[in-house]
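All remarks here apply to the structure that follows.
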Amino acid sequence: MGLIEPADWTATWLAAEDEVARADRRAGLHWIWGDTSRDQRPRYFRLKFSLRTPSSDGVFYVGTGITEQLRSVRVDGTSVDLTAPKQYAATRPAMQELALGPMSPGEHVLAIEMAPTDDRMSGSISSSAAAMAPFVRIHAIDGSVVRLTGASGWTTNLEAEPGWFGFDYDDASWMPARPSSENAGEPWPAKPAALLRKEFRVEKPIRSARLYATALGFLEARLNGQRVGDAVLTPEVSDFRKRLLYRTYDVTPLINDGSNVLGVIVGDGWYAGPITPGGRYPWGAPPSRILAQLELTYDDGLRETINTDCDWRTSDSAIRRSEIYNGEVYDGRYEQAGWDTIDFDDTRWAYAEAADRPTCELAAQCSPPIRATQTLKATQLTNPAPGVYVFDFGQNFAGWCRLRTKGPVGARVELRFAELLTATGEVDQSNLRGAEALDVFILAGHTNGETFEPKFTYHGFRYVQIVGLPTLPTLNSVEGIVVHSDLAVTGRLFTDNALIQQIWRNAVWTQRSNLMGVFTDCPQRDERLPWLADPSVFYDAAAFNMDVAAFTRRQLDDVRTDQSPNGNLPALSPGAIPRFNTLVEGAPGWADASITFVWSNWRRYGDNDIIRENWSAMTRFLQYLEQANPDYIWRSQFNMGDWLAVDATKDNVPTTPYDLVATANWASATERMGRMATAIGRIDDADNLQRLHAHIRSAFIAAFVGPDGIIGNGSQTSYVLALQYGLVPEGLRAIAAERLADNIRVRGTLMTTGIFGTAHILDVLVDAGYSDLAYDLLLRTDYPSWGYMIAKGATTIWERWNGDQGNLAMNSYNHPALGSVCGFLFRRVAGVHALEPGFKKIAVRPVLNPRVRRGGADYDSVVGRISTAWWQHSDLTLHLDVTIPANTEAVVSVPARPSAIVREGGRLVDRRTDMRIERRLDHEIEISIGSGTYHFRVSD
């Protein structure tokens, strides 16, 4: 039986932290500043304190706000080396962790200099007040511990005279530091992952055993020495303030008669690790926590529950650090062999302590988990510098590496991950911003060798650079482990055109890399965020490649959770920082993406329930838009326009009017909502939405469509969105399409569109009769084009058309948005399209071009496999094979002139009774067919 109600959970939340971390946390971080909320000058802090006994060592943590940086730290007048901030870092910097040496009894002084810095993320989350949090832990030789916090009597000043950091300096004129109004949370540094275990006995035969488990952090469950399940990076990201996912595991085969032991490893995960634009613990307070409930059902019908409680034992693991952006540090010297088996002696382990129960809802995860799905072999091994080895996997992907090596105890091996190489052949991490992307393996010194594979991090990379190897590596020393949400593959495209085939492959690999519980924007830099526009424009492609039905429903749960009380919808979800979420919510193309998700899911899978589940949220959003824009032109406070358009001189400079992009998206969302209202029987709502759409369309035409067919500022995206969404008067459509085609040609047959224009430009051209021009763009290999990326060695889709140049902070080489063309490949090249939701009625309508001789696809739709295969012969004959699943029907548009002869299975179609010719058009003949496999042949 599942855990349906909160009362079904009888287990206790346990803290995954050691005694030192617990004592630090209880002492608290106190954020302090001066008497002004924001200073443009440096601010100085001092703390005098005394020690009664000498110390052996200590640690000095300094946390900073988002708009401040640590300029200097001195202990008793001696400067301490600081870690320089990373260029372009978008994440709140981690607390500086500074080691303290031995200190003598008596008086001491700590001195800190803070300075303002430019707001990260282009100032998007600037705080109303500055803040700094100092924390000192000193270990006395008598075993006592001294802790000093921001509440320990610091003084501060905006002026600093020579020697201000010395003990003898007179700071009587300095003011006491005050609590800052900016509470920057509790970004404690990364700590070792925790081991927890509990022994129990089974004295009679069992019928079933179910483990229910979740964590604030990542977890891996172990039972009698064996891993439970094959899910990784679990629980997946959600808004942990409101909703936490748990998984259910059938562990019946792992239960032994007699003695058993249940163990878990808990790492930082999405809860504790830094998430842009916040720092560590962006969702809530420490500690990381674990909740597990093992339910045993015996053959006699009785049940027993093994819960996490304070009888569990805990210890640090060999995983000394595990963060998503920064990587994992594993020190084999801390291994505790057999810790998850019954023979292990845990009497030296501490008892676990109960932790506060989170206020969020616990929800069962109903979508496929993240798994390791493939193992890649390196294709090349180079040695660009002494002791430096670079492995090239020949493919950009998301996951990690498995390393096999042998060496002495304490040998330190470092693995750095990157998508690029420098001119000297070493890895280039310059586009990763603040992400360290570093795994460290410290050897235990096993005589038979050792294998390292991280548990609680992942990277986006093609290359891994390894230093510190004790022995010379071979290509087989390292394997690439591909990791993503394990969605069923549903689409396979094939053509004889190598460029088109590679575009599709690149899109599939990009999709794999960005399915991490939710759709993400990239897998490599300090972002990896669930921005909603990227999957919105990519959704058509994604749903051909894989079964995204349950995956979409799971992310929409988060979107509804993140909806504002006024009805506005988020631009990314789940999002960790409320201030940032509020700033970007309602962004056109991003906020309305949730309507696109529902629409596309309904059209692809025919599931009316997903409309009903999200109807209230979508309706409230459209009501919010109408109230905020009574003239029916969407003028959003935050607008990113046609993001990353070719003509953009800067990311925030529009190439297509922002309000045009916004209003076109609003019109599309409203029209789709009206059709979905009809589908679920909300006829009054459908009528109201039709009227709203008419208002928006009229306003759009009045504001942006000229009588000469010029739309907006004449940009390509202006024409594309207006034509795609039916916002051009019928009498001007041909003129507007011609202007679009002329714009493309006059520029040298190239696109200038960003992510929204690119998603539709090829379809718009084909619909307007410019299929040759659409193929010109598709097959182009000069900049900007998909072929340009491939010519530059891309194995995934780039974020920018000019990804090989420009702003390093915005150059991801594994980004889904521009891969939206993959939907065109299935619908127009292969010719597979749904005429009715769920493919109850199918369209087969390939768009051919002499430069592509063969094409087709297999698509495992919700009603069964749909297959197409066509090939053009030199004698101008055409073969088209089609398979239509049972209980469906299709309209096949055979490319042919009206006078062409069409045969199926060698028989003339116009003499068949089991199919009929619906229309003979200038360039195609429409034929209605039922389920089955057909072989059409067209000749003059």
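- Counting only heavy atoms from C-beta outward, the side chains of I842 and I884 approach each other to under 4.5 Å.
- The pair R525-E799 counts as a salt bridge, with a side-chain nitrogen and a carboxylate oxygen less than 4.0 angstrom apart.
- Closest of all the heavy-atom pairs between S718 and G712 is OG-CA, 4.1 Å.
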Worksheet entry | E419/N431 under side-chain hydrogen bond (donor to acceptor under 3.5 Å, both in side chains): CA gap, chis, key distance, verdict | CA-CA 9 Å; E419 298 179 298; N431 69 320; 2.9 Å; yes

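- If you take CD on E626 and CH2 on W634, they are separated by 13.5 Å, rounding to the nearest 0.5 Å.
- Put simply, the side chain of D642 gets close to the backbone of G757: a donor and an acceptor are under 3.5 Å apart.
- Rounded to the nearest 0.5 angstrom, N614 CG and W602 CH2 are separated by 14.0 Å.
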Fill in: Audit row: N608, I611, side-chain contact (heavy atoms from CB on, under 4.5 Å) steps and yes/no
CA-CA 5 Å; N608 287 353; I611 303 175; 4.3 Å; yes

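- Between L727 and L721 there is no side-chain heavy-atom pair separated by less than 4.5 Å.
- In this structure, H760 NE2 and D767 CG are separated by 11.5 Å, a value rounded to the nearest 0.5 Å.
- Within the 4.5 Å cutoff, no side-chain heavy atoms of I755 are placed close to those of S820.
- One N or O on the side chain of N713 and one on the backbone of T655 form a donor-acceptor pair closer than 3.5 Å.
- A cation-pi arrangement is present between R604 and F544, with the terminal nitrogen or guanidinium carbon under 6.0 Å from the aromatic centre and inside a 45° cone about the axis.
- The nearest pair of heavy atoms linking W666 to N629 is CH2-O, 3.7 Å.
- In this structure the side chain of P846 never reaches within 4.5 angstrom of the side chain of V829, judged on heavy atoms.
- Around atom CZ of R919, no more than 12 heavy atoms belonging to other residues, nucleotides or ligands sit under 6.0 Å away.
- For the pair R612 and W615, the cation-pi criterion (under 6.0 Å, within 45° of the ring axis) is not fulfilled.
- Taking 4.5 Å as the limit, some side-chain heavy atom of L572 sits within range of a side-chain heavy atom of V584.
- For the pair L732 and G706, the tightest heavy-atom approach, listed with the atom from each and the gap, is CD1-O, 3.6 Å.
- Looking at D609 and R553, no side-chain N of the basic residue comes within less than 4.0 Å of a carboxylate O on the acidic one, giving no salt bridge.
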Practice prompt. Evaluate side-chain contact (heavy atoms from CB on, under 4.5 Å) for L750 paired with I744, printing each intermediate quantity in order.
Written response: CA-CA 6 Å; L750 61 83; I744 293 169; over 6 Å; no

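- Between F551 and F519, the ring centre distance stays below 6.0 Å.
- No hydrogens or angles considered: a donor-acceptor pair under 3.5 Å links the side chains of N743 and R747.
- Here the shortest heavy-atom pairing between N639 and P588 reads ND2-CG, 3.5 Å.
- Environment of CD in Q690: sparse, with no more than 12 heavy atoms of neighbouring residues, nucleotides or ligands closer than 6.0 Å.
- Side chains of T796 and N396: a donor on one and an acceptor on the other come within 3.5 Å.
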Practice prompt. Let me see the working for W801 and W786 under ring pair (Phe, Tyr, Trp, His ring centres under 6.0 Å), right down to the final yes or no.
Written response: CA-CA 8 Å; W801 293 113; W786 298 280; 5.4 Å; yes

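- A salt bridge does not link R528 with D521: none of the charged nitrogens is closer than 4.0 Å to a carboxylate oxygen.
- Of the possible polar contacts, one joining the T868 side chain to the A830 backbone as a donor-acceptor pair under 3.5 Å is found.
- In this structure, R827 contributes its side chain and V844 its backbone to no donor-acceptor pair below 3.5 Å.
- Annotation for N601 and V548: closest pair ND2-O, 4.1 Å, computed over non-hydrogen atoms.
- Considering only residues two or more places apart in sequence or on other chains, F839 meets the ring-ring contact (aromatic ring centres under 6.0 Å, His included) condition with Y859.
- Between M751 and Q716, the shortest heavy-atom contact is CA-OE1, 3.3 Å.
- Between R853 and W871, every side-chain heavy-atom pair lies at or beyond the 4.5 Å cut-off.
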Item to complete: Kindly determine whether E924 and V894 satisfy side-chain contact (heavy atoms from CB on, under 4.5 Å), including the steps that lead there.
Response: CA-CA 5 Å; E924 63 186 13; V894 179; over 6 Å; no

Discussion item. Using the rule given for side-chain hydrogen bond (donor to acceptor under 3.5 Å, both in side chains), can you reason through Y813 versus T795, listing the C-alpha separation, both sets of side-chain angles and the distance that settles it, and then say yes or no?
Written reply: CA-CA 9 Å; Y813 296 88; T795 60; over 6 Å; no

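- Ion pairing between a basic and an acidic side chain is recognised when a charged N comes within 4.0 Å of a carboxylate O; D742 and R745 show such pairing.
- When each of I503, V766, I761 is tested with F824 by the rule side-chain contact (heavy atoms from CB on, under 4.5 Å), just one qualifies, namely V766.
- Note: L556 CG to S573 OG = 9.0 Å, rounded to the nearest 0.5 Å.
- Between the N497 side chain and the I500 main chain, a donor and an acceptor come within less than 3.5 Å of each other.
- Judged by a 6.0 Å distance limit and a 45° cone about the ring axis, R603 is positioned over the six-membered ring of W599.
- Separating the CG atom in N811 from the CD atom in Q805 is a distance of 8.5 Å, to the nearest 0.5 Å.
- Within the 4.5 Å cutoff, the side chain of Y770 has heavy atoms near those of the E738 side chain.
- Side-chain contact check for I595 versus T670: every heavy-atom pair is 4.5 Å or farther apart.
- In this structure a side-chain-to-backbone donor-acceptor pair under 3.5 Å is missing from E889 to K841.
- A distance-only check finds a donor-acceptor pair linking the side chain of R780 to the backbone of T749 [under 3.5 Å].
- Between D592 and R672, none of the side-chain N atoms (NZ, or NE/NH1/NH2) sits under 4.0 Å from a carboxylate O, so this pair counts as no salt bridge.
- Rounded to the nearest 0.5 angstrom, I866 CD1 and S861 OG are separated by 4.0 Å.
- When atom types are taken as modelled, the side chain of T510 and the backbone of N506 share a donor-acceptor pair closer than 3.5 angstrom.
- For the pair R492 and D858, the salt-bridge criterion is not met [side-chain N within less than 4.0 Å of a carboxylate O].
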Discussion item. Does I925 form a side-chain contact (heavy atoms from CB on, under 4.5 Å) with V892? I'd like the steps, not just the answer.
Written reply: CA-CA 8 Å; I925 300 174; V892 179; over 6 Å; no

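- For Q501 (side chain) and L493 (main-chain N/O), a donor-acceptor pair under 3.5 Å exists by modelled atom type.
- With no hydrogens or angles considered, a side-chain donor-acceptor pair links W504 and N545 at under 3.5 Å.
- Checking each of Y783, W798, Y788 against D804 for a side chain to side chain donor-acceptor pair (under 3.5 Å) leaves exactly one that passes, namely Y788.
- Panel note: side chain Q724, backbone Y719; no donor-acceptor pair is recorded below 3.5 Å.
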